[in-house]
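It should be emphasised that the depicted structure is a prediction, and the values quoted were computed from it without experimental measurement.
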Amino acid sequence: MPTPPALVAVDLGASSGRVLAGRLEAGRLTTHEAGRFPNRPVRAGGRLHWDVLALWAGVQDGLRAAARSHGPVASVGIDTWAVDYGLLDADGHLLGNPVHYRDGRTAGAAEAFAQLLAPAAHYAATGSQVQPFNTVYQLLAAGSAAGCSTSPRAADRLLLVPDLLGRWLSGAEATEVTNASTTGMLDPATRRWSPPVLDALAASPAGDVRRLLAPLVEPGTVLGPVLAGVAGDPGLDGALHVAVGSHDTASAVAAVPLGDAPAAWISSGTWSLVGVELAAPVLTSAGRAANFTNELGVAGTVRYLRNVAGLWLLQESLRSWADAGDPQDLTTLLAAAADAPALRTVVDVDDPAFAPPGDMPARIAAAARRTGQPVPERPAEVARCVLDSLALAYRRAVHQAAALSGRDVQVVHVVGGGARNALLCRLTADATGLPVVAGPVEATAIGNLLTQALALGELSGGLTAVREVVRASSGLVTHHPGGPEQPWARAEERLWP
């Protein structure tokens with residue numbers, strides 16, 4: 001039997017990008033990394049930007065490497081982070097590098113937009129959590145910068161980052177719905193743009209952005225062939241550009257190996273997203289109060305979730321110790337943390353004090369003093385505090401997701417980098433009182449690749465078939481609760497009385 005053509009996933013994260021080739025054979029998916037490149041934001045002119053042209057160069061190099069090593073290539077799909085966008089002029093030229101979501105230009109924009117559309121009405125229209133960097137707030141802030149080339153009034157087209165790269169890949173101008181649902185401008189019930197939000201923007205300095213918006217497409221839409229000038233390698237001849245879950249979490253959730261038991265999932269990495277997969281959005285006032293968001297998923301699904309600060313606290317602690325001349329081996333550190341006293345000190349990982357880069361152990365110590373708890377001093381104590389606190393945040397979010405959605409959650413799936421952290425997974429099982437299934441680590445790329453397989457007819461049966469392939473292709477590990485829930489309940493009450 002001939003070897004099937006390769007599928008290629010372009011997966012861009014906040015710190016790096018990579019290109020992976022995959023093949024689906026006999027119900028199993030194999031993947032190979034073809035290219036990896038840094039994603040270094042650049043500060044210029046008082047703004048923090050994404051260097052999108054450097055990213056595009058890395059994407060092209062990775063595609064050509066995939067074609068040489070694993071071609072011929074049948075299709076390419078692109079996923080990235082959410083909310084950020086590029087503006088194009090009437091000739092299709094980029095009007096400056098996209099502004100980074102961590103740039104400070106959106107300070108006060110959410111409050112300003114609330115004067116145009118009441119927060120309750122905004123949530124009823126979009127089901128979107130309030131994050132200061134949501135696209136709707138970025139547009140308001142950009143529109144207020146009169147005469148600026150990055151003002152939406154100066155543009156002819158707006159494309160979210162994966163769609164911008166997709167335009168350069170195939171020439172197609174489209175907005176994929178999973179990423180569009182993070183903008184604060186999409187109606188999750190109709191899966192179309194929200195008229196009340198667009199009307200509110202039209203009355204603002206941003207102006208009428210309707211004219212900028214590309215047609216919406218669902219994951220699995222074939223957008224056209226890769227442009228000949230991009231391919232540059234015979235192995236890419238005839239390759240198709242397929243819209244996947246272009247928000248990386250949408251692709252990751254598509255690859256969560258959900259079974260028959262009602263489940264919650266955690267996409268665990270630098271950030272964590274905790275939620276459930278639903279058939280329809282939940283637009284209640286209780287959900288708005290809990291800051292749950294309704295983001296769209298592959299195959300007509302809704303990802304009902306809450307953002308939780310993730311392994312960032314541990315990553316920054318490791319960097320701080322290394323900068324201070326005391327580098328820590330992660331494996332050794334986690335082994336020592338496992339032996340440290342449980343729940344001795346817990347902090348609210350979503351406290352804004354932990355968001356910026358800097359001396360994380362010092363900030364954790366300050367939080368402990370402020371709340372009258374023992375101060376973690378040794379690295380193992382700090383690591384145990386972080387992981388206990390993160391498991392506690394997961395417990396709270398899982399229970400909220402179940403209550404707000406009316407789901408009886410019986411198992412928790414952890415995908416992404418956090419699935420490698422056995423201690424975190426075990427603590428999450430203890431905290432939630434539920435079995436935790438860890439894996440796959442490469443969920444985002446796998447979901448991207450298998451959505452392409454569905455689009456090309458290499459796989460049939462929708463998400464059920466995708467998840468059967470994931471289970472067959474991944475070494476999943478189940479962690480069972482090992483102790484009573486009462487200490488976790490008491491710690492949760494202590495932290496969030």
Side-chain angles (χ1 to χ4, degrees), residues 1-13 15-40 50-80 161-172 176 219-246 248 251-252 255 440-459 466 469-470 473-474:
M1 179 178 291
T3 301
L7 311 168
V8 175
V10 176
D11 175 28
L12 304 186
S15 60
S16 66
R18 60 202 183 130
V19 177
L20 295 96
R23 278 195 172 86
L24 182 62
E25 296 182 86
R28 295 174 64 88
L29 180 73
T30 56
T31 62
H32 304 275
E33 186 174 292
R36 182 178 288 268
F37 44 91
N39 182 5
R40 297 191 183 97
W50 297 104
D51 190 353
V52 72
L53 296 180
L55 292 177
W56 177 233
V59 168
Q60 292 180 86
D61 289 344
L63 291 176
R64 290 164 188 157
R68 288 192 298 270
S69 301
H70 305 286
V73 172
S75 62
V76 180
I78 301 172
D79 68 76
T80 78
V161 169
D163 306 316
L164 173 63
L165 297 173
R167 186 188 187 284
W168 292 338
L169 179 70
S170 68
E176 190 278 318
T221 302
V222 177
L223 296 173
V226 172
L227 294 173
V230 172
D233 190 287
L236 282 163
D237 287 348
L240 297 173
H241 173 203
V242 175
V244 296
S246 67
D248 49 14
S251 278
V441 172
E442 301 288 357
T444 298
I446 291 170
N448 179 323
L449 293 166
L450 292 178
T451 300
Q452 294 179 55
L454 287 174
L456 300 184
E458 291 190 21
L459 186 64
V466 165
V469 173
V470 174
S473 309
S474 307

To the nearest 0.5 Å, tell me how far [X] [atom1] sits from [Y] [atom2].
| X | Y | atom1 | atom2 | answer |
| --- | --- | --- | --- | --- |
| Arg23 | Leu449 | CZ | CG | 11.5 Å |
| Leu169 | Leu240 | CG | CG | 10.0 Å |
| Thr451 | Leu459 | OG1 | CG | 9.5 Å |
| Thr80 | Trp50 | OG1 | CH2 | 8.5 Å |

Do [X] and [Y] make a side-chain contact, defined as non-hydrogen atoms from C-beta onward lying under 4.5 Å apart?
| X | Y | result |
| --- | --- | --- |
| Asp11 | Glu442 | no |
| Asp79 | Thr444 | yes |
| Leu55 | Asn39 | yes |

Over all heavy atoms of both residues, which pair between [X] and [Y] is shortest? Give the atoms and the distance, please.
| X | Y | result |
| --- | --- | --- |
| Ile446 | Ala255 | CG2-CB, 3.9 Å |
| Gly77 | Asn448 | O-ND2, 3.3 Å |
| Val242 | Leu456 | CG2-CD2, 4.4 Å |
| Ser251 | Val244 | OG-CG2, 4.3 Å |
| Ala445 | Leu20 | CB-CD1, 4.0 Å |
| Pro4 | Leu24 | CG-O, 3.7 Å |

Leu165 vs Leu12, side-chain contact (heavy atoms from CB on, under 4.5 Å): CA-CA, chis, key distance, verdict:
CA-CA 11 Å; Leu165 297 173; Leu12 304 186; 3.3 Å; yes
Could you walk me through whether Trp168 and Leu227 pass side-chain contact (heavy atoms from CB on, under 4.5 Å), step by step?
CA-CA 8 Å; Trp168 292 338; Leu227 294 173; over 6 Å; no
Which residue, Asp61, Val230, Leu164, forms the side chain to side chain contact (heavy atoms under 4.5 Å, CB included) with Trp56?
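Result: among Asp61, Val230, Leu164, Val230 is the only option passing the side chain to side chain contact (heavy atoms under 4.5 Å, CB included) with Trp56.
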Keeping the roles fixed (side chain from [X], backbone from [Y]), state whether a donor-acceptor pair exists under 3.5 Å.
| X | Y | answer |
| --- | --- | --- |
| Arg18 | Ala9 | no |
| Arg40 | Asp51 | no |
| Ser246 | Ile78 | no |

Per-pair distances, 0.1 Å, donor-acceptor, side chain in residues 65-76, under 3.5 Å, sequence neighbours excluded:
residue, atom, partner, partner atom, Å
Ser69, OG, Ala65, O, 3.2
Ser75, OG, Gln452, OE1, 2.6

